[in-house]
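Scroll down for the structure; my scribbles are underneath it.
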Amino acid sequence: MTFKKSNFLKEMSWTRFEGRKKDTDLVIIPSGAFEVYGYHLPLGTDTLVSVKIAEILAERVNAIIGPTLEVGDSTALEEFPGTMVIKAENFKQYLWDTVKSLEKWGFKKFLFINSHAGNVPIINQVARDLQSNSEIQCAQIDYWRFIKNHDNGIIESGELAHTHASEAGTSVMMYLYPELCDLEKWVNEPPKTGDDYPDIIKYIPFSEKTDSGTIGDATLGTKEKGEKLVNRSVNRIVEFLVESWEIKELEEKVLEV
């Protein structure tokens with residue numbers, strides 16, 4: 001049996017990690033959620049996507065992938081079966097202990113690949129505290145919001161393409177995990193109610209917005225759209241790492257879009 005080399009810290013022996021650590025101080029930390037994601041996509045969609053994007057990136061820039069924070073604060077969606085909740089204060093402490101352990105072993109560049117909106121402010125707090133050490137650099141990719149900036153000519157349903165389990169998210173999953181997409185069950189479900197005050201932050205249970213867990217037209221999703229969204233996003237992140245953090249790309253390879 002051929003030994004499999006891996007960029008995941010959890011798959012390395014301590015001696016292999018010690019060797020790899022000599023070549024990089026960049027660690028990628030994926031995070032996501034366990035929550036309803038339509039009738040057609042798995043509860044762990046957020047986490048699955050963040051891990052796969054981290055894996056693709058690590059191959060390009062010789063990064064090590066640290067622990068995955070699989071469950072976030074999905075309180076607003078907890079009426080749907082299978083949804084799990086880690087309270088914000090617990091998520092923050094777990095993340096803090098994780099990054100401090102990684103800092104101990106010499107990591108100085110922390111890239112958070114996060115696919116759950118509820119995790120964003122918590123990661124921001126931890127990153128700012130971590131950067132109190134002047135040698136540390138942090139950046140967060142809020143993935144579902146990030147790809148909205150790079151969807152020109154790809155998506156068809158406008159703003160609703162990037163809502164929950166809709167065109168964009170479905171397309172990305174069809175590309176990354178086609179075997180987990182139950183397309184016989186996808187739906188086109190507009191929001192149940194409008195919002196006359198979009199400029200005001202409100203705290204509305206998700207069940208008041210959707211019956212299925214989808215908001216928008218999932219049926220417009222395609223594998224081809226997902227591939228383009230993923231490739232554009234990865235290219236952009238690699239560009240940032242090379243230009244801003246002076247990370248050396250293992251092999252210059254701009255993914256086709």
Side-chain angles (χ1 to χ4, degrees), residues 31-41 43-47 49-50 69-96 112-131 138-152 154-173 186-221 229 233 236:
S31 66
F34 271 42
E35 64 184 32
V36 58
Y37 222 74
Y39 296 138
H40 63 299
L41 296 176
L43 292 164
T45 290
D46 283 344
T47 299
V49 168
S50 65
L69 281 76
E70 297 202 19
V71 183
D73 186 355
S74 298
T75 303
L77 301 92
E78 63 183 351
E79 294 173 86
F80 289 88
T83 297
M84 299 183 67
V85 173
I86 298 294
K87 294 295 186 183
E89 57 269 25
N90 298 327
F91 183 94
K92 182 178 180 180
Q93 189 60 60
Y94 189 92
L95 177 58
W96 178 251
F112 300 91
I113 302 296
N114 169 45
S115 298
H116 177 55
N119 298 340
V120 172
I122 311 170
I123 294 172
N124 288 344
Q125 293 172 24
V126 168
R128 290 187 184 280
D129 287 344
L130 193 61
Q131 284 190 166
C138 297
Q140 177 180 183
I141 306 298
D142 177 14
Y143 194 73
W144 296 126
R145 270 59 57 186
F146 178 76
I147 63 174
K148 290 175 66 174
N149 299 297
H150 307 288
D151 69 359
N152 187 42
I154 299 176
I155 56 95
E156 300 178 63
S157 53
E159 188 69 21
L160 282 179
H162 296 282
T163 46
H164 212 252
S166 187
E167 179 186 351
T170 298
S171 295
V172 168
M173 281 295 289
W186 62 3
V187 298
N188 175 9
E189 183 180 354
K192 290 167 68 173
T193 58
D195 188 353
D196 295 329
Y197 299 96
D199 50 333
I200 295 177
I201 298 173
K202 298 173 288 296
Y203 307 94
I204 302 170
F206 203 65
S207 58
E208 293 185 14
K209 303 176 183 179
T210 171
D211 292 324
S212 67
T214 296
I215 299 177
D217 191 353
T219 69
L220 291 175
L229 288 169
S233 66
R236 179 63 172 170

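It should be emphasised that the depicted structure is a prediction, and the values quoted were computed from it without experimental measurement.
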**Request:** List the atom of G213, the atom of H164, and the distance in Å for their closest heavy-atom pair.
**Result:** O-ND1, 2.9 Å
**Complete:** Rounding to 0.5 Å, atoms OG (S166) and OH (Y37) come to a distance of 9.0 Å
**Prompt:** Taking atom NZ of K92 and atom CD1 of I123, what is their separation to the nearest 0.5 Å?
**Reply:** 12.0 Å
**Request:** Report the C-alpha separation of L160 and D217 in whole Å, then their side-chain angles, then the decisive distance to 0.1 Å, and conclude whether the side-chain contact (heavy atoms from CB on, under 4.5 Å) test is met.
**Result:** CA-CA 7 Å; L160 282 179; D217 191 353; over 6 Å; no
**Item:** Atom pair OH/OG of Y143 and S233 - distance to nearest 0.5 Å
**Value:** 3.0 Å
**Item:** Any donor-acceptor N or O pair under 3.5 Å, side chains T210, E189
**Value:** yes
**Complete:** So CD of Q131 and SG of C138: to nearest 0.5 Å the spacing works out to 4.5 Å
**Prompt:** Side chain of K87, backbone of T75: donor and acceptor closer than 3.5 Å?
**Reply:** no
**Item:** Pairwise side-chain contact, H116 with N114, heavy-atom cut-off 4.5 Å (strictly under)
**Value:** yes
**Request:** Using the side-chain contact (heavy atoms from CB on, under 4.5 Å) rule, take L95 and F112 through it: C-alpha gap first, then chi angles, then the decisive distance, then the call.
**Result:** CA-CA 11 Å; L95 177 58; F112 300 91; 3.9 Å; yes
**Message:** Is it true that, when you exclude E159 itself, more than 12 heavy atoms of the residues, nucleotides or ligands shown sit nearer than 6.0 Å to its CD?
**Reply:** no
**Prompt:** Rounded to the nearest 0.5 Å, how far does CH2 of W186 lie from OG of S212?
**Reply:** 13.5 Å
**Prompt:** Is there a donor-acceptor contact under 3.5 Å from the side chain of K202 to the main chain of Y197?
**Reply:** yes
**Asked** With a 4.5 Å limit on heavy-atom distance, are the side chains of D73 and F91 in contact?
**Response** no
**Heavy-atom neighbours of N149 CG exceed 12 at 6.0 Å** = yes
**Prompt:** Which heavy atom in S50 sits nearest to a heavy atom in S31, and how many Å separate them?
**Reply:** OG-O, 3.2 Å
**Message:** Between F206 and E35, does the side-chain contact (heavy atoms from CB on, under 4.5 Å) criterion hold? Intermediate values first, please.
**Reply:** CA-CA 11 Å; F206 203 65; E35 64 184 32; over 6 Å; no
**Message:** Using the rule given for side-chain contact (heavy atoms from CB on, under 4.5 Å), can you reason through I155 versus K148, listing the C-alpha separation, both sets of side-chain angles and the distance that settles it, and then say yes or no?
**Reply:** CA-CA 9 Å; I155 56 95; K148 290 175 66 174; over 6 Å; no
**Prompt:** Atom CD1 of I122 and atom CD of Q140: how far apart are they, to the nearest 0.5 Å?
**Reply:** 10.0 Å
**Item:** Heavy-atom donor-acceptor pair, T47 side chain to A33 backbone, under 3.5 Å
**Value:** yes
**Prompt:** If you take all heavy atoms of L77 and T83, which pair is closest and at what distance?
**Reply:** O-OG1, 3.3 Å
**Request:** Decide if atom CZ of F80 counts as having more than 12 heavy atoms of other residues, nucleotides or ligands within a radius under 6.0 Å.
**Result:** yes
**Message:** Side chains of E70 and F34, heavy atoms from C-beta outward: is any pair under 4.5 Å?
**Reply:** yes
**Message:** Just by distance, no angles: are the side chains of T170 and H40 close enough, under 3.5 Å, to form a donor-acceptor pair?
**Reply:** yes
**Request:** Compare all side-chain heavy atoms of V187 with those of Y39 and state whether any distance is below 4.5 angstrom.
**Result:** yes
